[in-house]
Number of protein chains: 2
Amino acid sequence: MPSTPLFRRIDVAPAYQKVADAIEREIINGRIKPGEPIGTEQQLVAQFGVNRSTVREGIRVLEEGGLIRRDSSRRLQACLPRYNKLATRLSRALILHEVTFRELFETSMTLEVASVEGAVERATEENIAELAGNLERSAAVVGNPAELAECDVEFHVLMAKASQNRVLQLAREPAAQLFFPTTEMIVGGVPEGGARLVEAHGHILDAIRRRDKEAGVLWTRRHLQDWRRGFEKIASLDRSVEHTYMEHAYAARQ
Amino acid sequence: MPSTPLFRRIDVAPAYQKVADAIEREIINGRIKPGEPIGTEQQLVAQFGVNRSTVREGIRVLEEGGLIRRDSSRRLQACLPRYNKLATRLSRALILHEVTFRELFETSMTLEVASVEGAVERATEENIAELAGNLERSAAVVGNPAELAECDVEFHVLMAKASQNRVLQLAREPAAQLFFPTTEMIVGGVPEGGARLVEAHGHILDAIRRRDKEAGVLWTRRHLQDWRRGFEKIASLDRSVEHTYMEHAYAARQ
DNA sequence: TCTTATCTGTTTGTCCGACAAAGCTAGATT
DNA sequence: AATCTAGCTTTGTCGGACAAACAGATAAGA
């Protein structure tokens, strides 16, 4: 055998993977911008010189990864991966790893506090208006646990948005997706729970308006501690998320 | 039109999607455990009553989502989604959204501090031994920016692991993947940067050993502030990650 | 003239059948 | 008993096919 290899390592990746990689590269490095069309399957067949089945498998990979989507007429186009779509995959992973509510709570506490700090510092008038609108809707449905829980989720999403930090927005999403669905159970099970939730949101919004970081953090912590106390009345923090959550949110989605 | 609709909404999801959903459900709710075989494509064809092409498209979706993989003999089996595989896709999303290093830095500061707090509270002897091993290796390669940067990444992964909080481990990963590759540039560009890095790691490990949360947080903050100062010497924090990162880590991967 | 209905290619989703390469299995061989 | 070989299975890929959904153009009606 020669000391210097005559041949390079042959690329053994299956064709559909190469198709996916090739399209991904074009999107990542910006040659195809979000919203721009990728072309029809037929065109891709012609360009890559592979069978349509192979192209389609490659397309599925990218579609699942959120890099491309089909528009109203099912034509392919590049797109910006949606945070919450990716977050859904992560949530699923967390469930399968059987994480506990304690882990979820601890991490959410960290991220929500960071979120409110950012919001106090950098919330725009528009952010504040959105939060105010949410608060109004929350107050109107305070007696309806399901709708109130939905408002709660949105409030925290808006708060993260107000922080103007997209990395934070993304980082908090997977935990939030698993954490907040239980709010409905808690608000429904604890008398005055709804009122306390809306009150806390009110104080948080007020703190953001006044740019009072200390107050914002304080009320966010209280808000989450409230959740925790409520949760501990109906389940153990050390129980895996799987059992508690599956029976509610995931089952309902099916 | 009758007041109560006669017919239900027809399910229009394409067949490959239904195949993917059906398999996903079996895995999520635990009827198929990680490591267990899914069956051959032929069997799935028989069970679902669809064509093999359709089954294969469904399989690609799940494979990309990390729910199933092919073992050494390419047979299908369920698996636990790997954090860092999912994190890679999130990192990609962050790049496409053109987040800035400021956002990355701010979020990483939050998550690494939470990480060290958890580690101080709950690190096991094994965790500490791993961190100590890493520190030793770091000290040995202090003059080699590339290898030192790799050690730095590992140190922070181990710290998150030591926090015993899997949600936190997952949440920090996407930001870390984008954040730490720059370490090489910084350590290489700033004299004494490598020594300072190893020194900080040493203090952090020491704090974890002594269960001294304050010291742990203090040195973690210093460590990251060091990174920031180093970074600002070579680039702007408000520049999008895309440009700076692409030319280094991503290009190298190709 | 503007709107509506119809027609005509395209494109997608699905199916069928086929084949080479790689892996596995089990019987044959040393 | 260990090894080898031949045959079966499975995957990755290919070619072609067709119905349904769709876009665009054209014709009919207000």
Side-chain angles (χ1 to χ4, degrees), chain A residues 7-27 32 34-79 82 85, chain B residues 1 7-27 32 34-79 85:
Chain A
F7 303 108
R8 263 195 208 206
R9 193 177 165 70
I10 296 173
D11 192 355
V12 288
Y16 71 88
Q17 190 65 55
K18 290 203 207 161
V19 168
D21 287 348
I23 299 175
E24 169 178 343
R25 237 190 329 272
E26 294 303 292
I27 297 176
I32 302 175
E36 285 179 11
I38 308 291
T40 68
E41 293 179 5
Q42 207 58 256
Q43 288 172 312
L44 294 176
V45 166
Q47 288 173 42
F48 291 114
V50 298
N51 192 271
R52 192 158 78 99
S53 308
T54 306
V55 166
R56 282 174 65 82
E57 287 189 39
I59 285 172
R60 292 294 160 245
V61 170
L62 294 174
E63 222 169 17
E64 177 67 10
L67 269 182
I68 68 179
R69 66 188 199 89
R70 293 186 182 273
D71 64 12
S72 61
S73 74
R74 293 187 174 156
R75 277 181 173 68
L76 294 167
Q77 62 177 218
C79 69
R82 303 283 317 129
K85 185 186 169 183
Chain B
M1 208 155 75
F7 303 106
R8 265 194 209 206
R9 195 176 165 71
I10 297 172
D11 189 359
V12 289
Y16 72 87
Q17 190 66 55
K18 289 202 205 162
V19 167
D21 287 347
I23 299 175
E24 169 176 343
R25 236 188 332 270
E26 295 302 292
I27 296 176
I32 302 175
E36 284 180 12
I38 308 290
T40 67
E41 293 179 5
Q42 207 57 259
Q43 288 172 314
L44 295 176
V45 166
Q47 289 173 42
F48 290 113
V50 298
N51 191 271
R52 193 158 78 98
S53 307
T54 306
V55 166
R56 282 174 66 83
E57 286 189 39
I59 285 172
R60 292 292 160 245
V61 171
L62 295 174
E63 222 170 17
E64 178 65 10
L67 269 182
I68 68 179
R69 65 189 199 86
R70 293 186 181 271
D71 64 13
S72 60
S73 73
R74 297 197 166 144
R75 277 184 172 68
L76 294 167
Q77 63 176 217
C79 69
K85 184 187 169 179

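Computed from heavy atoms alone, side chains included, the values below leave out hydrogens, waters and symmetry copies. By convention in this document, chain letters (A, B, ...) are assigned in the order of the sequence lines, proteins followed by strands, and residues within each chain are numbered from 1.
Residues satisfying the side-chain hydrogen bond (donor to acceptor under 3.5 Å, both in side chains) test with A:Glu26, not counting sequence neighbours, are A:Arg31. Every residue two or more places apart in sequence or in another chain that forms a side-chain hydrogen bond (donor to acceptor under 3.5 Å, both in side chains) with A:Glu64 is listed here: A:Arg89. Partners of B:Gln47 by side-chain contact (heavy atoms from CB on, under 4.5 Å), not counting sequence neighbours, listed by chain and number: B:Gln43. Contacts of A:Gln77 classified as side-chain hydrogen bond (donor to acceptor under 3.5 Å, both in side chains), with partners at least two apart in sequence or in another chain: A:Arg69. Under the side-chain hydrogen bond (donor to acceptor under 3.5 Å, both in side chains) criterion, A:Arg52 pairs with A:Glu41, not counting sequence neighbours.
With rounding to whole Å, B:Ile59 atom CD1 is found 13 Å from D:dT10 atom P.
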Check: protein-nucleotides 11-20 of chain D nitrogen or oxygen pairs below 3.5 Å:
from   : atom 1 : to      : atom 2 : distance (Å)
D:dT11 : OP2    : B:Glu41 : N      : 3.2
D:dG12 : OP2    : B:Arg56 : NH1    : 3.0
D:dG12 : OP2    : B:Arg60 : NH2    : 3.3
D:dG12 : OP2    : B:Arg70 : NH2    : 3.3
D:dG12 : N7     : B:Arg52 : NH2    : 3.3
D:dG12 : O6     : B:Arg52 : NH2    : 2.8
D:dT13 : OP1    : A:Ala15 : N      : 2.2
D:dT13 : O4     : B:Arg52 : NH2    : 3.0
D:dC14 : OP2    : A:Asn51 : N      : 2.7
D:dC14 : OP2    : A:Thr54 : OG1    : 2.8
D:dG15 : N7     : A:Asn51 : ND2    : 2.9
D:dA17 : N6     : A:Arg52 : NH2    : 3.3

